[in-house]
Protein chains: 2
Amino acid sequence: MMNEGIERVSQIIPQMPAVEARLCRLMLMVGSSLEEELEFKLKPHKLNHSDFLTLMILYSRPDGSSTPGELCEFATQGATNMTRITNALVKRGLITRGASAEDRRRVLIRITAAGKRFVQKMLPPMFPRVSAMFADFSDADKRNLSRLLGKLAHNLDQLDPDTQP
Amino acid sequence: MMNEGIERVSQIIPQMPAVEARLCRLMLMVGSSLEEELEFKLKPHKLNHSDFLTLMILYSRPDGSSTPGELCEFATQGATNMTRITNALVKRGLITRGASAEDRRRVLIRITAAGKRFVQKMLPPMFPRVSAMFADFSDADKRNLSRLLGKLAHNLDQLDPDTQP
DNA sequence: ACATTTTACTTCATCAGTGAAATATGATTT
DNA sequence: AAATCATATTTCACTGATGAAGTAAAATGT
């Protein structure tokens, strides 16, 4: 369906890298499909992707803490957005916001005990669906997908800083 | 960096399908990275992803026409959004909106000559970057990625209709 | 020591996308 | 002919993301 579309376009514009374009479309489709699935699983917990990611980053920290700036970087979010996310999570008592002692410009964000419990409770119900997604993947498949996605991610990173296409 | 995060989480919650969770994160990251790259390339043309996709669907049609409902389906957009997209593209003279003769509830959307020229002009400058993304991919790599993404897409489709996680 | 620059966040205004409900119009069924 | 269904648009309220400007603290230059 989408294949015919690309096929027809590439007949009109033969210089098009059709195979690669098709892979892009596929990636975009699967990506947004997965995003949708994730948001769907998060909705009952009143979380969205960025909230969840932020919380998980904190959860995965040995000391359970970070700063807005660091969270922005790891969650690839703007500072503005991170302020909003932090506000929301603080209001729900999942994290705390406090001033740093050394550098008083900095804000220290820390996951609370309630936040940890929340993660431990909400995570396991997701597992079956995550497993189901890859149910028919062999170990080699998984390794391969991981390798190819890693490669693609790397290439995309190299690409980004460029100027106008 | 993200790997350590998942690693640490899976130490606390050992039932987690860690390999699969990692693949999900990778997919999401690459997907949004690619999306970003696409939007970046589209920005100079004052198009966003959905505008572009809609226009490309029309372009790839043998007769260059479709209906809002069909476009919603293929571009996976809500009707509200499609109306907005159509308005914008009509205003720019890239498509036309007209009544269908057979079924007068229907609206016929058709790409204009200007629209086709526009696509033919804006597409080629994207090719080098698309090719660069997959520059170090062997043919087998591409086939494999395509196959694995296809499989994943299929599994995600089977998953979706379910109830709350 | 003081002035400037940089860094770290926050606030505010704005915008794109979404979903639900209301409307209009035309087709189909009974 | 009336009720029902289908297609599309409009309006509205809301969420989430973003950019520009503002504030405060620390680092740096002179």
Query raised in the report: Which letters describe nucleotides 15-28 of chain C, given B = protein heavy atom under 4.0 Å from base, S = only from sugar-phosphate, - = neither?
Result: -SSBBB----BBS-

Query - From A:Leu152 atom CG to A:Leu23 atom CG, the distance as rounded to the nearest 0.5 Å - result: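 One finds 8.5 Å between CG of A:Leu152 and CG of A:Leu23.
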
Query raised in the report: How far does OG1 of A:Thr112 sit from CG of A:Leu58, to the nearest 0.5 angstrom?
Result: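 Going from OG1 on A:Thr112 over to CG on A:Leu58, the span is 10.0 Å.
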
Query raised in the report: So which of residues 53-69 of chain B are in contact with DNA chain D, with a heavy-atom cut-off of under 4.0 Å?
Result: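 Under 4.0 Å from DNA chain D: B:Thr67, B:Pro68, B:Gly69.
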
Query raised in the report: How about B:Arg97 and B:Thr86: does a side-chain donor come under 3.5 Å of a side-chain acceptor?
Result: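 Distance-only check fails for B:Arg97 and B:Thr86.
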
Query - A:Glu39-A:His49 side chain donor-acceptor pair, cut-off 3.5 Å - result: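 No - no donor-acceptor pair under 3.5 Å links their side chains.
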
Query raised in the report: When you measure from the side chain of A:Asn87 to the backbone N and O of A:Thr83, does any donor-acceptor pair fall under 3.5 Å?
Result: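 It does hold such a pair.
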
Query - Under 3.5 Å donor-acceptor, A:Lys151 side chain and B:Asp136 backbone - result: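 Flag set: sc A:Lys151 to bb B:Asp136 pair under 3.5 Å.
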
Query - Terminal contacting nucleotides, 5' and 3', DNA chain D versus chain A (heavy atom, 4.0 Å) - result: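 Boundary nucleotides touching chain A, in 5' to 3' order, are D:dG16 to D:dA26.
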
Query raised in the report: Looking at side-chain heavy atoms only, is the closest gap between B:Glu70 and B:Ile109 below 4.5 Å?
Result: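 No, side chains not in contact.
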
**Report entry** Test item: B:Lys46 and B:Lys43 side chains (from C-beta on) under 4.5 Å apart, heavy atoms
**Finding:**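 Sidechains of B:Lys43 and B:Lys46: no contact.
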
Report task. For the pair B:Leu149 and B:Met27, evaluate side chain to side chain contact (heavy atoms under 4.5 Å, CB included) and give the outcome as yes or no after the intermediate values. Result -> CA-CA 10 Å; B:Leu149 289 177; B:Met27 273 298 316; 3.8 Å; yes

**Report entry** Ion pair B:Asp103/B:Arg105, N-O distance below 4.0 Å
**Finding:**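 A salt bridge links B:Asp103 with B:Arg105.
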
